> 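Sharing a structure here in structure tokens format.
A, B, ... follow the sequence lines: proteins, then strands. Residue 1 opens every chain. For clarity, every value in this text was computed on a predicted model and none was experimentally measured.
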Protein chains: 2
Amino acid sequence: MNDFQIDMNEFLPLRDVVFNTLRKAILTGQLRPGERLMEVHLANKLGVSRTPIREAIRKLELEGLVIMIPRRGAEVAQITEKSLKDVLEVRRSLDVLSVELACERITREGMEELLSACEEFEQATKGKDASIIAKADVKLHDIIVEATGNQRLKQLVNNLSEQMYRYRFVYIKDESQHDKLIAEHREIYEGILERNKEKAAAAARLHIDNQEKSIISQIRLEKRM
Amino acid sequence: MNDFQIDMNEFLPLRDVVFNTLRKAILTGQLRPGERLMEVHLANKLGVSRTPIREAIRKLELEGLVIMIPRRGAEVAQITEKSLKDVLEVRRSLDVLSVELACERITREGMEELLSACEEFEQATKGKDASIIAKADVKLHDIIVEATGNQRLKQLVNNLSEQMYRYRFVYIKDESQHDKLIAEHREIYEGILERNKEKAAAAARLHIDNQEKSIISQIRLEKRM
DNA sequence: TCTATGTATTATGTATACAATCTTACATAG
DNA sequence: CTATGTAAGATTGTATACATAATACATAGA
């Protein structure tokens, strides 16, 4: 399975292609925590020289996805229950901020997009394809952070969300939760529509709380194996 | 003025030394927004080769301190009123989260440190040295985020604070504001002591609001010049 | 048998060389 | 005088070479 490949379609400097490739490989679990990232090995595998590999690793380092050991190189950072709880704690706060700001700033068009995103999500849950559901979920949240008009917030929320990429399916696969998810989305939508910060914030908070429960129980399951 | 130098005392890979050097130069304004970072030039200036320079630039890029223009290289990112407002908006939210978590989690020792930090700050304001005041202020806030026990939060708050490094003096130099700052710190301290989240959060929010006012008026002043 | 030391191997850290592309300036044609 | 084309120079993008530190393994000595 350890068989990620470079996507040559992209018209980007190699360092960015490598960065995206490694990033995705880490977030999807193709590169496992603790695994060493050896430059020549990766360079051969991806068909580039060491330079772009190194530059990509520098960025992964700053993102916290790999840790550097001096004179030994990079390895994939461990994802612990603690580190995920930390991420979720921050994300909860920023998601609440997002919906609150959206209450103030969303435009008429944004509101329409949000409604159709809610409906799309609802439709998606009727099918069986988890990746379609996940995509609909992401789109919905993207519309909200976009509505804040705060680029920094958008960047941070996206980054924090991606930290949990590996677990994005656990709370979506569980069909018994679908009605709950739909209701939460609808509550957030209504809150923003009514420009009711408290309502929207409470719903967003609940939304993350539920995700946290799913993800944490999944981690404990994995640890036992 | 454009005369930053490498600090050779540090025992770190050159890329990290260069990263820290450039970072500081940008945050203090020695490297001005819009200024180009040319690799050979920096390499000669700092007495290293292009490789560590490039790796440092990759990290600055991810931090948003420089922007990359393809085939043209890096230049120092512009700091606009909008981008600072965005940063402050996020920071307000995370500072509030920090004091709320501190209410739950701070230890007895943490509480003692916080008290003495408050007193140190109060003492510092009696002197005239702004950098001592600034340092006392930073220490106080460090104790709070440390008390949350959330490493990710700590990293993000520190990063966001540093984005405003250039303006750290504007709200500290103004002596008429000192009493207000002391009172706000004291209010935060009391809130955490009483484990009163609402009180602590309100004080933290007020604290950032006041900083924002100082910084924004300073920026408008600079723009006019 | 265990420990210590030396050597070979491997990978990173840094520097440099080469290639591709962009900018700029200058010349020439309209 | 202006506009366009071309060539030279400068700068980034990528690859490779060299230096140095860490590691592992083997061998010698106690």
> Mark yes or no for whether B:Asn44, through its side chain, and B:Val40, through its backbone, hold a donor-acceptor pair below 3.5 Å.
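Judged by distance alone, yes, a pair lies under 3.5 Å.
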> Nearest-Å distance, CZ (A:Arg71) to P (C:dA11)?
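From A:Arg71 CZ to C:dA11 P: 13 Å.
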> Assign each of B:Thr51 and B:Leu37 to its nearest nucleotide of DNA chain D by heavy atoms, then name whichever residue's nucleotide is nearer the 5' end.
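The residue whose closest nucleotide sits nearer the 5' end is B:Leu37.
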> Rounding to an integer number of Å, can you tell me how far B:Leu14 CG sits from C:dT12 P?
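Atom-to-atom, B:Leu14 to C:dT12, this comes out as 17 Å.
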> Describe the nucleic acid contact of A:Ile69 in one word from base, sugar-phosphate, nothing, applying a heavy-atom distance below 4.0 Å.
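If one applies the 4.0 Å heavy-atom cut-off, A:Ile69 turns out to touch nothing in the nucleic acid.
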> A:Ser49 side chain N/O closer than 4.0 Å to the phosphate oxygens (OP1, OP2) of D:dA15?
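Looking at the OP1 and OP2 atoms of D:dA15, one of them is under 4.0 Å from a side-chain N or O of A:Ser49.
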> Starting from P on D:dT14, measure out to CZ on A:Arg15 and report it in whole angstrom.
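Result: 7 Å.
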> How many Å lie between NE2 on B:His41 and P on D:dT11, as a whole number?
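Result: 10 Å.
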> Show your working on side-chain contact (heavy atoms from CB on, under 4.5 Å) between A:Glu162 and A:Arg23 and close with a plain yes or no.
CA-CA 10 Å; A:Glu162 283 168 350; A:Arg23 189 166 197 287; 2.6 Å; yes
> Does C:dG13 have its OP1 or OP2 closer than 4.0 Å to a side-chain nitrogen or oxygen of A:Arg54?
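Result: yes.
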> Roughly, in whole Å, what's the span from CZ in B:Arg72 to C1' in C:dA20?
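Answer to the nearest Å: 17 Å.
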> Report yes or no: is there a donor-acceptor pair, N or O only, under 3.5 Å between the side chain of A:Arg50 and the base of C:dG13?
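Donor-acceptor pair under 3.5 Å: yes.
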> Would you kindly give the CE-to-P distance between A:Met68 and D:dA22, to the nearest whole Å?
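Nearest whole value for this atom pair: 14 Å.
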> Name the closest nucleotide to the B:Pro13 side chain, picking from C:dT14, C:dA11, D:dA15.
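Per side-chain heavy atoms of B:Pro13, the pick is C:dT14.
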> Could B:Glu81 and B:Lys85 be called an ion pair, given the rule that one side-chain N must be under 4.0 Å from one carboxylate O?
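Yes, charged N to carboxylate O under 4.0 Å.
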> Starting at atom CD of B:Glu55, determine the distance to atom P of D:dT12, rounded to an integer number of angstrom.
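Value for this atom pair: 16 Å.
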> Heavy-atom nearest nucleotide on DNA chain D for A:Pro70 versus B:Arg36: which residue maps closer to 5'?
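Its nearest nucleotide lies further toward 5', so the answer is B:Arg36.
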> Go ahead and name the base partner of C:dG30; Watson-Crick or wobble counts if both distances stay under 3.5 Å, otherwise write none.
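Pair assignment: C:dG30 / D:dC1.
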> Do A:Lys139 and A:Glu113 sit within salt-bridge range, that is, some charged N less than 4.0 Å from a carboxylate O?
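No salt bridge links A:Lys139 with A:Glu113.
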> In whole angstrom, give the distance that lies between atom CD of B:Glu39 and atom C1' of C:dT16.
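Rounded to whole Å, this separation is 13 Å.
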> B:Glu89 and salt bridge (Lys or Arg N to Asp or Glu O under 4.0 Å): which partner among A:Arg105, A:Arg152, A:Lys154?
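Exactly one option meets the salt bridge (Lys or Arg N to Asp or Glu O under 4.0 Å) with B:Glu89, and it is A:Arg105.
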